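Reading through the structure tokens given below for one structure.
No hydrogens, no waters, no symmetry mates; every other heavy atom, side chains included, goes into these values. Note that the structure is predicted; figures quoted are calculated from it, not measured. Residue indices begin at 1 and follow the sequence shown. Order of appearance sets the numbers: ligands from 1, and atoms from 1 within every ligand.
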Amino acid sequence: RVMAAEWGYSPTNGPDVWARLFPQAGGARQSPVDICTSIASSDSNLEMKKLTFAYESQSDLRILNTGHGWKVEAPQSGSRLEGGPLGEDIYQLEQFHCHWGETSAEGSEHTVDGRAYAGELHLVHWNTTKYQSFAEAAQHPDGLAVLGVFFDVGNESNDEIEKIVSTLSEIKFKGQFTDIPDVIDPTTFLPSGLGYWTYLGSLTTPPCNECVIWIVYKEPITVTEEQLVQFRCLSACSGEAEEFIVKNYRPPQPLGNRALRECNA
Ligand SMILES: O[B-]1(O)OCc2ccc(NC(=S)NCc3ccccc3)cc21
Ligand SMILES: [Zn+2]
């Protein structure tokens, strides 16, 4: 059966059939995974090398509808993510995006002891110590570092997420983009508690390159149901046809014999 031209999240082009067109999707270090907290080893080594990050505040960042969700392009030569599981290398912010579900009972990519959150934010960084470009870094096992932040649904709307939501009506269709007028400070997306789990994995979307050092924060941030409802109004199509992006998360993949380490910052 020829796979639909575009990969997606429906039964005919979704995660269960990605490996047909994207062989890496069937690899042994795929993401996301279910984080089984009982097997996470508390690695004193991680405690020693504190994970540090420094971001700039930026305005006029471009947000686009990729057809699989929204993505904010935030190449930040002045940003630095280092320490923790990242060895001696410095990683630079490239973009951030989000995954969500049809209802708030699902939506995150990583799960914790089988529990899904309502969504998951990914802050994507690449190794500028070793590689010359994002695309090159994505071809290497230590090329990318992604911070994952879970979304819990609550009554307070998240002001930083609101800056994203307020632009979504302008990028309803796939391929559309606009500039976010507000100043965005990526630091504000991070929870107050900085404990995290870390393991070696992959992109969670095709081509599923096995190039990501994952750092998943334990503490979720809060968004409102209304904010998630707005995410689900984006269209996966470029024109009149309306196929809403109601879910864009990959289910957990086998951890296999990978180490899952935790750091209680
Ligand atoms: O797993 B993720 O959803 O979260 C983290 C993350 C980062 C990047 C992507 N995909 C990209 S950039 N593909 C295009 C591309 C792929 C490979 C080389 C160049 C360009 C998906 C995810
Ligand atoms: Zn992602």
Side-chain angles (χ1 to χ4, degrees), residues 6-9 14-15 18-19 21-27 29-35 61-76 79 81 85-86 91-101 106-111 116-128 130-151 161 164 174-175 177 186 189-190 196-217 220-221 223 228 231 234 236 245 247-253 258:
E6 250 302 276
W7 61 269
Y9 294 89
W18 287 353
L21 275 194
F22 306 98
Q24 296 187 84
R29 64 168 269 190
Q30 287 293 294
S31 293
V33 296
D34 178 45
I35 295 167
L61 289 177
R62 172 164 291 182
I63 185 169
L64 63 111
N65 178 335
T66 62
H68 309 297
W70 56 261
K71 172 169 87 167
V72 175
E73 295 172 346
Q76 272 204 15
S79 60
L81 178 69
L86 303 178
Y91 290 70
Q92 179 183 301
L93 183 64
E94 174 73 11
Q95 53 110 321
F96 57 90
H97 63 269
C98 187
H99 301 265
W100 59 86
E106 56 181 45
S108 63
E109 300 214 291
H110 293 88
T111 53
Y117 284 88
E120 186 172 328
L121 176 73
H122 289 158
L123 293 152
V124 181
H125 308 71
W126 60 280
N127 187 331
T128 54
K130 285 188 180 166
Y131 309 113
Q132 309 308 314
S133 71
F134 177 91
E136 182 198 351
Q139 312 308 321
H140 298 274
D142 59 354
L144 304 189
V146 181
L147 300 183
V149 184
F150 291 124
F151 286 159
I161 293 292
I164 306 283
K174 176 179 177 180
F177 56 84
F189 290 124
L190 301 181
Y196 60 84
W197 293 288
T198 183
Y199 74 101
L200 300 181
S202 73
L203 307 183
T204 61
T205 56
C208 298
N209 299 27
E210 298 187 325
C211 63
V212 180
I213 298 173
W214 278 96
I215 295 167
V216 180
Y217 282 105
I221 60 172
V223 301
L228 292 174
F231 289 2
L234 287 176
I245 306 173
K247 67 182 277 192
N248 58 3
Y249 66 91
R250 187 188 194 184
Q253 304 299 307
R258 285 180 278 178

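- One finds the NE2 atom of His122 at 5.5 Å from the OG1 atom of Thr204 (value rounded to the nearest 0.5 Å).
- Nearest N/O/S atom of His122 relative to the Zn ion (ligand 2): this is ND1.
- Under the 3.5 Å distance criterion, with hydrogens and angles disregarded, a donor-acceptor pair is assigned to the side chains of Gln30 and Glu210.
- Looking only at heavy atoms of the protein, atom 21 (C) of ligand 1 is closest to Thr205 OG1, 3.3 Å.
- No option in Trp197, Tyr199, Phe151, Tyr196 other than Tyr199 meets the ring-ring contact (aromatic ring centres under 6.0 Å, His included) test with His110.
- Close approach of ligand 1 to Ala138 is summarised as follows: ligand atoms under 4.0 Å from at least one heavy atom of the residue are 17 (C), 18 (C).
- For the atom pair NE2 (His140) and CG (Asn209), the distance works out to 10.5 Å, reported to the nearest 0.5 Å.
- Regarding atom 3 (O) of ligand 1, its nearest protein heavy-atom neighbour is Thr204 OG1, 2.9 Å.
- Remark: Tyr131 OH is packed, more than 12 non-hydrogen atoms of other residues, nucleotides or ligands lying under 6.0 Å away.
- Minimum heavy-atom separation, Val124 to Leu93: O-CD1, 3.5 Å.
- Atom 15 (C) of ligand 1 is not flagged as protein-proximal [any protein heavy atom, distance under 4.0 Å].
- Between the choices Tyr249, Trp214, Phe134, the shortest heavy-atom distance to atom 20 (C) of ligand 1 belongs to Phe134.
- Under 4.0 Å from ligand 1, the heavy atoms of Val146 that appear belong solely to its side chain.
- If you put the vertex on the Zn ion (ligand 2), NE2 of His99 and NE2 of His97 sit 110° apart, to the nearest 10°.
- Separation of the Trp70 and Phe177 ring centroids does not fall under the 6.0 Å cut-off.
- Remark: minimum distance from atom 4 (O) of ligand 1 to any protein heavy atom is reached at His122 ND1, 3.1 Å.
- Contact annotation for Leu203 and ligand 1: heavy atoms of both the backbone and the side chain come within less than 4.0 Å of the ligand.
- In terms of polar-atom proximity, defined here as any N/O pair under 3.5 Å, Asn209 makes no such contact with ligand 1.
- Within the 3.5 Å criterion, the main-chain N or O of Thr111 finds no donor-acceptor partner in the side chain of Ser108.
- Shown in contact with Val124 at under 4.0 Å from a heavy atom are these atoms of ligand 1, numbered in order with element: 5 (C), 6 (C), 7 (C).
- Taking every non-hydrogen atom of His97 and a distance limit under 4.0 Å, the qualifying atoms of ligand 1 come out as 2 (B), 3 (O), 4 (O), 5 (C), 6 (C), 22 (C).
- With hydrogens and angles ignored, the 3.5 Å screen pairs a side-chain donor or acceptor of Arg250 with a backbone N or O of Ser31.
- Some N or O of His99 is nearer than 3.5 Å to an N or O of ligand 1, by distance alone.
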